[in-house]
S.K.: 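Below are the C-alpha cells for one structure; questions will follow.
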Amino acid sequence: MSERINISEVFGKNVFNESVMRERLPKSVFKKLKQTIENGAELDPSIADVVAHAMKDWAIERGATHYTHWFQPLTGVTAEKHDSFISAPGPDGKVIMEFSGKELIKGEADASSFPSGGLRATFEARGYTAWDCTSPAFLREDAIGVTLCIPTAFCSYKGEALDQKTPLLRSMQAINDQALRILRLFGNHTSTRVVPSVGPEQEYFLVDREKYLKRKDLIYTGRTLFGAMPPKGQELDDHYYGAIQERIGSFMNEVNQELWKLGVTAKTQHNEAAPAQHELAPIYAQVNLAVDHNQMIMETLKKVAERHGLTCLLHEKPFAGVNGSGKHNNWSLTTDDGVNLLNPGDTPHENVQFLLVLACILKAVDVHADLLRESASDVGNDSRLGGNEAPPAIISVFLGDQLEDVINQLCDTGEATHSKQGGTLKTGVAMLPDLDQDVTDRNRTSPFAFTNNKFEFRMVGSSDSVAPSNVVLNTIVAEAFKEAADELEKADDFQMAVHDLIKKLFSEHRRIIFNGNGYSSAWVKEAEKRGLPNISCMVEAIPALTTEKAVKLFETFHVYTRAELESRAEVEYDSYSKIIHIEALTMTNIAGKQIIPAIIRYTARLADSMAKVQSVCPEADTSVQRDLLIEASARLGEIKAAHKKLVELQEECRSIRSAKERAHACRERLVPAMEELRRPVDLLERIVDKDLWPMPSYGDLLFEV
C-alpha cells in the first residue's frame with residue numbers, strides 16, 4: 001500500500017509562492033513584486049537583491065545546492081544550466097553561499113547550439129535568460145539533488161526571441177490591452193486585467209521499461225516503426241475509464257505527489273481509449289503558468305515512470321492502429337476580479353457582451369484558421385489528425401444547439417428573442433434522481449469546441465508545448481477585439497452599433513461553425529464548399545507563419561517580428577526533415593541488423609524442417625513448410641528491395657540544401673518509402689515464430705504492463 005498523504009500539507013511545498021514571499025520578504029518589497037506579478041508593472045531592479053537573498057535562503061534550507069534558469073527553447077523540451085550557490089571559500093575555510101539579484105534577473109547561456117532558424121550566426125553564441133517573476137521559482141528533487149529552478153525567457157544577444165515563453169508573454173499583453181477596451185465599452189471600469197486561462201489535458205502511454213529497451217525504434221524515435229496489430233486492440237472499449245491497475249495506480253500516485261509539491265494542480269486521472277493509454281488533467285491556470293506546469297507534467301511523467309520500471313511515451317502516435325495521444329488546450333478569458341468573458345449566462349441571447357466576444361472569436365478563428373492549424377503541427381500529429389481518433393485537419397468551431405440557434409436568429413431575422421434551455425433527464429429508475437440536462441451535447445470530433453465557458457482546442461499533440469497554440473489564440477483574438485473596439489469607440493449610438501456589428505460578424509463568419517460529425521467524408525466536401533482550408537500535414541502548414549497576413553498580425557501586436565517568424569518556419573522545416581531522417585535511419589538499421597537476419601533464421605528453420613521430414617519419410621507432405629518458405633522468401637525480397645530504396649532516398653534528401661525543399665522531399669519521398677518497408681515486415685511478424693522475432697510485439701507492449 002502507498003503511504004497516505006495530506007494534500008493540503010504537501011501542495012506547493014517546493015514552490016517559492018506568494019505565502020512564502022509574504023513570510024520572507026519585507027512588506028515593501030513584497031508589495032512591489034506583487035504589483036509586477038499581478039498588474040504587469042515593470043520590475044523594480046532595486047528589490048532584486050532582496051528577493052534573491054530570500055529565495056536562496058529558502059532553497060538552501062530545503063537542501064538545494066544549485067540553481068538554474070529554467071527555459072523553453074525551440075527544441076520542444078526545457079533547458080537548464082546548473083550553478084552552485086558557492087561563491088568562494090571564506091577566511092575560516094568555510095564556503096560562502098551567495099545568490100545576487102543580478103544572477104536572479106539575468107543569466108547567460110550559450111545560444112549557438114539551440115535552434116534559431118538563422119536569427120544568429122553560429123559564432124554569435126551569447127544568449128540571455130530573463131526571470132519571469134509571474135511564474136514562481138520551484139525546487140526539483142531528483143538523483144542530482146535539490147535544484148532551485150527559476151522560470152525564464154530566452155533571447156539572443158540582439159533581443160530576438162529564441163524560446164516559447166517570450167512570445168507567449170507578449171501575446172498575453174496584447175489580449176489584455178484589447179480585451180480591456182471591450183470591457184470598458186460595456187461600462188466595466190473595475191477590472192484592471194484580463195488573463196487567458198488554460199487547462200491542458202495530457203494524454204500518454206505507459207509500457208514496461210524492460211520491453212521498451214528491446215525496441216530500438218521506441219528508444220530513438222518515441223514510436224514503433226514496425227509492428228503488427230495483436231488479436232485484440234481497443235475494439236471493446238474496455239480500457240476507457242476502466243479500473244486502474246495497481247502498478248499504474250502506484251505510478252499515478254507518485255506523479256500526483258511530485259506535481260502537488262510543485263504547485264501543479266493535478267486533478268483528473270483515468271485510463272484512455274487505447275490499451276496502455278492514460279490521461280492527466282490539471283485545474284486551469286494563467287496561461288504562462290499553465291505552459292510551465294505542462295512542461296513539468298511531461299518531465300515528471302517520464303522520471304516517475306522509470307522509477308516504476310515503466311517508460312512514458314508522449315509521442316502522438318506510438319502505435320499504428322490504435323488511438324494516438326493529444327493534449328486538449330482548454331482556453332478562456334478571465335478578469336482579475338473574476339469575470340469570465342466566455343460565460344454565456346442562462347440567457348445568452350440577452351448577453352450582448354458575451355455575444356460580441358463570441359463573434360470576435362469566430363472571426364479570429366475563421367480569418368486565421370491556417371495559423372491555428374500550424375500551431376498544432378508536428379511530425380507525430382501528421383499520423384493522428386484527420387483519423388477517427390482526433391479532430392480533422394480542417395479548422396471548424398462547435399458551438400452547440402443553443403448558441404447556434406441564437407446566431408441563426410440574429411442572422412436570419414436580425415433579432416435573437418430566446419435561448420434554448422436544458423431540460424430534465426429522467427432515468428426511468430425510481431431510486432435514481434432526475435438529472436439536469438445540459439442545453440447541448442459535446443462534440444469530440446470538433447477541433448475548436450465551446451464547452452460551457454471555454455473553448456477546447458483539441459488539435460495540440462501530446463508531446464508539444466502548448467505555448468504556440470496559445471500565442472496564436474491570444475493574438476488573433478486580440479486583433480478581432482481591436483478591430484471591434486476601433487469601430488465601436490467612435491459610434492454615436494453604441495447599442496445600435498454593437499448590435500449591427502455582432503450580426504455582421506456572425507453573418508460573415510458563420511461558415512466556420514460546424515456541429516456535425518467531423519470524421520465524415522461529407523464534412524470534407526462541405527468544408528471545401530465553404531472555402532475552409534484543409535491542411536493535411538506539417539510541411540503544408542508551416543507557410544502560414546510567414547504570409548503577409550501573419551506578419552502584419554504579429555508585428556502589429558509586437559508578438560513576433562518578421563525575422564522571428566521566418567526563423568521559426570526555418571526551424572520547423574529543419575526539425576521535420578531531421579525527425580524523418582532519424583526515423584528512416586532507425587528503420588534501415590532495425591531491418592538490416594535485426595529483422596532480415598531473423599527472417600533468414602526462420603526460412604532456414606523451415607528448410608531444415610522440410611529436409612528432416614523428407615529424410616525420414618520421403619512421401620510426407622511438406623507443402624505447408626514449402627508454402628511458408630515461399631511466402632517468407634518473397635517478403636524477404638520485398639524487404640531487401642524496400643530497404644535499398646530507403647537508403648538511397650535518404651542520401652538524396654540529405655543532399656538538399658534548402659530546409660523547406662528538404663522537408664518536402666522527406667514528406668513526399670521518405671515517408672512513403674518507410675511505409676513500403678514496414679508493410680512486408682508487419683506481414684511477416686504474423687507468421688514468424690515468436691522466439692525468432694527480434695523485438696517485443698504490440699501485444700507485449702500494450703497488454704503486458
Side-chain angles (χ1 to χ4, degrees), residues 215-230 233 315-322 324 378-389 393 536-540 573 575-603 627-656 661-688 692-698 701:
R215 298 268 328 200
K216 297 297 183 184
D217 48 2
L218 285 178
I219 292 171
Y220 292 133
T221 73
R223 75 178 181 110
T224 54
L225 299 171
F226 300 103
M229 280 296 294
H315 193 283
E316 286 73 22
K317 194 72 171 178
F319 301 99
V322 299
D378 67 30
V379 182
N381 245 0
D382 278 2
S383 300
R384 174 178 163 266
L385 296 180
N388 291 347
E389 61 179 80
S536 62
C537 66
M538 180 177 175
V539 292
E540 291 178 4
Y573 282 127
S575 174
Y576 181 90
S577 58
K578 284 178 177 176
I579 289 171
I580 297 298
H581 269 293
I582 290 169
E583 290 186 347
L585 284 168
T586 302
M587 286 193 83
T588 54
N589 185 283
I590 292 173
K593 294 184 177 181
Q594 292 182 278
I595 292 172
I596 290 175
I599 297 166
I600 290 173
R601 287 193 292 272
Y602 172 68
T603 55
D627 289 347
L628 287 171
L629 181 58
I630 291 171
E631 181 181 356
S633 298
R635 299 296 182 200
L636 182 59
E638 293 174 22
I639 292 170
K640 185 60 180 173
H643 181 276
K644 181 174 183 292
K645 179 180 178 182
L646 185 56
V647 170
E648 292 171 351
L649 286 174
Q650 287 176 64
E651 293 303 316
E652 289 179 17
C653 292
R654 191 181 290 111
S655 66
I656 300 172
E661 292 177 9
R662 189 166 59 251
H664 276 279
C666 287
R667 171 69 182 175
E668 295 159 12
R669 300 182 213 169
L670 281 189
V671 170
M674 289 162 64
E675 293 170 355
E676 192 176 331
L677 175 56
R678 177 171 185 158
R679 194 175 303 111
V681 172
D682 289 358
L683 289 171
L684 276 172
E685 185 183 350
R686 294 184 173 95
I687 63 171
V688 173
L692 291 177
W693 198 251
M695 65 191 77
S697 68
Y698 270 24
L701 291 164

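Just so it is clear, the model here is predicted, and its values are computed rather than measured.
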S.K.: Check whether any side-chain heavy atom of Leu218 lies under 4.5 Å from a side-chain heavy atom of Leu701, and answer yes or no.
M.R.: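 Touching, per the 4.5 Å side-chain cut-off.
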S.K.: For the residue pair Ala673 and Leu646, what are the closest heavy atoms and their distance?
M.R.: CB-CD1, 3.8 Å
S.K.: Below 4.5 Å, heavy atoms only, C-beta onward: do Lys216 and Gln594 meet side chain to side chain?
M.R.: yes
S.K.: Is there a side-chain contact between Ile595 and Met695 in this structure, where contact means two heavy atoms from C-beta onward sitting under 4.5 Å apart?
M.R.: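 When only atoms from C-beta onward are counted, Met695 and Ile595 do touch, with a gap below 4.5 Å.
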S.K.: So, do Tyr576 and Arg667 sit near enough that their side-chain heavy atoms are less than 4.5 Å apart?
M.R.: yes
S.K.: What pairs with Asp378 under side chain to side chain donor-acceptor pair (under 3.5 Å), at least two apart in sequence or on another chain?
M.R.: none
S.K.: Could you give the distance from OG (Ser577) to CD1 (Ile580), rounded to the nearest 0.5 Å?
M.R.: 9.0 Å
S.K.: So do the side chains of Val322 and Lys317 get within less than 4.5 Å of each other, counting heavy atoms only?
M.R.: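 With C-beta onward as the side chain, the pair stays apart.
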S.K.: Do the side chains of Leu684 and Ile687 get nearer than 4.5 Å, heavy atoms only?
M.R.: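 They are in side-chain contact.
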S.K.: Residues two or more places apart in sequence or in another chain: which of them pass salt bridge (Lys or Arg N to Asp or Glu O under 4.0 Å) with Glu675?
M.R.: none
S.K.: If I compare all heavy atoms of Asp382 with all of Cys537, which pair ends up nearest, and what's the gap?
M.R.: OD1-CA, 3.4 Å
S.K.: Which residues pass the salt bridge (Lys or Arg N to Asp or Glu O under 4.0 Å) test with Arg223, sequence neighbours left out?
M.R.: Glu583
S.K.: Test Lys644 against Lys640 for side chain to side chain contact (heavy atoms under 4.5 Å, CB included), laying out the working first.
M.R.: CA-CA 6 Å; Lys644 181 174 183 292; Lys640 185 60 180 173; 5.8 Å; no
S.K.: Among residues at least two apart in sequence or on other chains, which ones pass side chain to side chain donor-acceptor pair (under 3.5 Å) with Thr603?
M.R.: none
S.K.: How many angstroms lie between OG in Ser697 and CZ in Arg686, if you round to the nearest 0.5 Å?
M.R.: 11.5 Å
S.K.: Does Glu676 have any salt bridge (Lys or Arg N to Asp or Glu O under 4.0 Å) partners at least two apart in sequence or in another chain, and if so, which?
M.R.: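 Counting only residues at least two positions away or on another chain, Glu676 forms a salt bridge (Lys or Arg N to Asp or Glu O under 4.0 Å) with Lys645.
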S.K.: Please name all residues satisfying salt bridge (Lys or Arg N to Asp or Glu O under 4.0 Å) with Lys593, sequence neighbours left out, ordered by chain then number.
M.R.: none
S.K.: Do Arg384 and Asn381 have side-chain heavy atoms sitting under 4.5 Å apart?
M.R.: yes
S.K.: Do His581 and Cys666 come close enough that some side-chain heavy atom pair is under 4.5 Å?
M.R.: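 Result yes, sub-4.5 Å side-chain heavy-atom pair found.
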S.K.: CG/Leu677 to CG/Leu670 distance, rounded to the nearest 0.5 angstrom?
M.R.: 11.5 Å
S.K.: Of the non-hydrogen atoms in Arg678 and Gly227, which two are nearest, and what is the gap between them?
M.R.: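 What the structure gives for the nearest pair is NH2-O, 3.1 Å.
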S.K.: Restricting to non-hydrogen atoms, name the atom on His315 and the atom on Pro318 that form the minimum distance, rounded to 0.1 Å.
M.R.: O-CD, 3.2 Å
S.K.: To check you understand the geometry: which heavy-atom pair defines the closest contact between Ala598 and Pro694, and what is its length?
M.R.: CB-CD, 3.8 Å
S.K.: Under the criterion salt bridge (Lys or Arg N to Asp or Glu O under 4.0 Å), which of Glu661, Glu651, Glu648, Glu652 is the partner of Arg669?
M.R.: Glu652
S.K.: Leu636: which residues meet the side-chain contact (heavy atoms from CB on, under 4.5 Å) condition with it, sequence neighbours left out?
M.R.: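 For Leu636 the side-chain contact (heavy atoms from CB on, under 4.5 Å) partners, ignoring immediate neighbours, are Ile596, Ile599, Ile600.
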S.K.: Can you list the residues that meet the side chain to side chain donor-acceptor pair (under 3.5 Å) rule with Arg601, with sequence neighbours excluded?
M.R.: none
S.K.: Applying side-chain hydrogen bond (donor to acceptor under 3.5 Å, both in side chains) as the test, list every pair that has at least one member in residues 628-638; sequence neighbours left out.
M.R.: Arg635-Glu638
S.K.: With Phe319, which residues qualify under ring pair (Phe, Tyr, Trp, His ring centres under 6.0 Å), at least two apart?
M.R.: Phe205, Tyr698
S.K.: Looking at residues at least two apart in the chain, or sitting in another chain, which of them share a side-chain contact (heavy atoms from CB on, under 4.5 Å) with Thr586?
M.R.: Asp217, Tyr220, Thr221, Leu225, Ile582, Ile590
S.K.: Quick one: closest heavy-atom pair of His643 and Thr588, and the distance?
M.R.: NE2-O, 3.0 Å
S.K.: Give a yes or no on whether the backbone of Tyr573 and the side-chain of Arg662 come within a donor-acceptor separation of less than 3.5 Å.
M.R.: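 No, because the side chain of Arg662 does not come within donor-acceptor range (under 3.5 Å) of the backbone of Tyr573.
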S.K.: Could you work out, with side chain to side chain donor-acceptor pair (under 3.5 Å) as the rule, every residue matching Glu540, not counting sequence neighbours?
M.R.: Ser536
S.K.: Assess whether side chain to side chain contact (heavy atoms under 4.5 Å, CB included) is satisfied between Glu685 and Phe226, documenting all intermediate values.
M.R.: CA-CA 9 Å; Glu685 185 183 350; Phe226 300 103; 5.7 Å; no
